[in-house]
Amino acid sequence: MSTNYGFRIYETKTYKQVSSSDDINKYGVGDIYNCTTLYNSQIVVFMFNNKEKRNGVFFFDDGRKTKIGCVVMTEEIEKFFVSHKIFALFPKNKSKVLLFEMKTLKYITTVNDVYKHSLNHAENLKTERNKITLAHISSLNKNYIKIIVYLTNDKSGTISKKMTMSINTNFNAIQTLELLSDFIIVSSSCGNKIHLYSLKDFSLMYCLFLGNFAYELGNFSVDKKNKFLMLSTNNKYIKMFKLKDLKENNEDICSCDDHDDDEVDHNPRKSISFFLQKMLVDTTQMHCRYRYDSKVDNLAMFDPERDDKFNIIESNGEVKVVNFNRKKSGSAELEKNIKWNEEMN
């Protein structure tokens with residue numbers, strides 16, 4: 001969690017604070033945004049303001065309480081991605097991604113023609129072993145996913161491009177794109193059609209049709225066993241689906257392609273068909289759901305320690321721990337509500 005001039009780290013198993021540094025400003029950085037920790041390490045990375053512009057990324061060793069380094073751009077940064085091998089910067093209002101070596105903070109290359117949607121940022125990055133996969137939406141063909149695979153050499157420290165390919169989603173346009181677990185997850189511009197492609201061979205594995213009404217989707221989450229898909233929507237519901245219930249044939253076609261985007265209701269709350277179709281989708285495909293009165297940009301994710309729980313991390317500094325039954329479908333139930341800024345008993 002980022003604070004005005006620092007950060008606090010909490011353990012997901014006990015929800016207790018395990019570390020904090022609220023005086024990072026002594027290094028000359030301004031307000032801090034989008035703080036994250038590098039998995040299985042003590043490195044903390046965050047964006048900061050430099051000369052009234054959010055154009056800096058700061059790297060901090062929380063174990064030694066020392067600064068590792070920083071990268072400052074001439075243009076404002078919208079977001080960043082960090083892994084053990086590389087980190088990527090996404091400049092604001094620019095159709096490009098800049099890649100850097102994580103070890104040396106050295107610039108590697110720039111990927112151009114990256115389209116950013118007005119609702120969600122339509123690009124993402126995933127690393128596994130010595131392979132780095134970058135997926136993004138082209139500004140020229142907004143129904144295509146472009147994929148670039150890079151290979152890394154631990155001995156030489158070099159990164160080389162292996163392959164480039166495209167996937168036609170058959171959507172008019174794309175609202176969201178995420179790389180999670182073994183999947184590339186993509187939704188249509190109306191948010192009512194969702195495809196899951198394999199990260200191994202880029203084939204279509206699962207599809208989900210949410211009815212003829214428009215959704216603004218939040219984040220997706222896949223459990224560690226690759227059994228469940230969870231998503232948040234702007235109708236105040238967290239929805240969960242069993243992936244095996246969505247499995248399609250081996251052909252690269254999807255049943256949701258039969259539904260025309262021109263039939264989508266963009267004001268579903270006032271539509272009778274919305275409630276009828278929602279009931280149909282809920283009973284035929286949905287494993288469980290949880291209603292919450294909060295914003296769509298809050299983070300909903302499966303608990304990394306317990307496979308029958310998921311967490312909703314809200315922008316107001318609270319966390320909801322929710323239980324669900326993996327074997328039996330139904331409603332999820334709130335276990336407890338935690339305020340990050342309060343000491344746990």
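Everything numeric in this text was worked out from a predicted model, so none of it was measured.
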Side-chain heavy-atom pair [X], [Y] within 4.5 angstrom cut-off:
X	Y	answer
His136	Val97	no
Phe302	Val222	no
Phe324	Met240	yes
Asn55	Val72	yes
Ile145	Ile137	yes
Ile312	Leu299	no
Phe100	Leu89	yes
Lys67	Phe58	yes

If I take atom [atom1] from residue [X] and atom [atom2] from residue [Y], how far apart are they, to the nearest 0.5 angstrom?
X	Y	atom1	atom2	answer
Leu105	Lys103	CG	NZ	12.0 Å
Met163	Phe202	CE	CZ	5.0 Å
Arg306	Lys224	CZ	NZ	10.0 Å
Arg54	Met73	CZ	CE	15.0 Å
Ser187	Asn192	OG	CG	9.0 Å
Phe241	Ile194	CZ	CD1	7.0 Å

Using modelled atom types and a 3.5 Å cut-off, is there a donor and acceptor pairing between side-chain atoms of [X] and backbone atoms of [Y]?
X	Y	result
Ser181	Phe183	no
Ser198	Ser203	no
Glu178	Asn219	no
Asn141	Tyr144	no

Step by step, work out the side-chain hydrogen bond (donor to acceptor under 3.5 Å, both in side chains) result for Asp182 and Asn226.
-> CA-CA 8 Å; Asp182 296 328; Asn226 285 347; 2.9 Å; yes
In a check of side-chain hydrogen bond (donor to acceptor under 3.5 Å, both in side chains) between Tyr215 and each of Gln175, Lys239, Lys193, which one passes?
-> Lys239
For side chain to side chain contact (heavy atoms under 4.5 Å, CB included), just list the numbers for Asn172 and Asn143, CA-CA rounded to whole Å, side-chain angles, deciding distance to a tenth of an Å, and then say yes or no.
-> CA-CA 6 Å; Asn172 289 341; Asn143 60 329; over 6 Å; no
Could you give me the CA-CA distance, side-chain angles and deciding distance for Glu216 and Thr233, then say whether side chain to side chain contact (heavy atoms under 4.5 Å, CB included) is met?
-> CA-CA 6 Å; Glu216 180 184 351; Thr233 69; over 6 Å; no
Pick from Asn323, Ile238, Asp303: which one makes a side chain to side chain contact (heavy atoms under 4.5 Å, CB included) with Phe310?
->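 The passing option is Ile238.
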The single option from Thr133, Val111, Ile132, Leu99 passing side chain to side chain contact (heavy atoms under 4.5 Å, CB included) against Ile148 = Val111
Using every non-hydrogen atom in the two residues, find where [X] and [Y] come nearest and quote the distance to one decimal.
X	Y	result
Lys309	Val321	CD-CG1, 4.1 Å
Leu179	Ala135	CD2-CB, 3.9 Å
Ile77	Gly56	CD1-N, 4.0 Å
Val71	Phe59	CG2-CE1, 4.3 Å
Tyr197	Val186	CE1-CG1, 3.5 Å
Val322	Ala332	CG1-CB, 3.5 Å

Is it true that atom NZ of Lys65 has more than 12 heavy atoms of other residues, nucleotides or ligands lying nearer than 6.0 Å?
-> yes
Lys92 bridged to Glu75 by N-O distance under 4.0 Å |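 No.
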Would Asp223 and Arg326 pass as an ion pair if we require N to O under 4.0 Å?
-> yes
Leu208 and Leu231: CA distance, side-chain angles, deciding distance, side chain to side chain contact (heavy atoms under 4.5 Å, CB included) verdict = CA-CA 11 Å; Leu208 172 62; Leu231 58 92; 4.2 Å; yes
Does Phe90 have Lys79 sitting over its ring (NZ/CZ under 6.0 Å from centre, angle to axis within 45°)?
->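 That pair qualifies as a cation-pi contact.
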Assess whether side-chain hydrogen bond (donor to acceptor under 3.5 Å, both in side chains) is satisfied between Asn112 and Lys96, documenting all intermediate values.
-> CA-CA 4 Å; Asn112 293 300; Lys96 63 182 180 181; 5.9 Å; no
Show your working on side chain to side chain contact (heavy atoms under 4.5 Å, CB included) between His195 and Leu204 and close with a plain yes or no.
-> CA-CA 7 Å; His195 286 179; Leu204 177 62; 3.8 Å; yes
Using the rule that two of Ile, Leu, Val, Met, Phe, Trp, Tyr join whenever any of their side-chain heavy atoms come within less than 4.5 Å, decide whether Phe87 and Leu151 are in one cluster.
-> no
side-chain hydrogen bond (donor to acceptor under 3.5 Å, both in side chains) assessment of Asp62 paired with Gln42 | CA-CA 5 Å; Asp62 187 52; Gln42 295 179 309; 5.9 Å; no
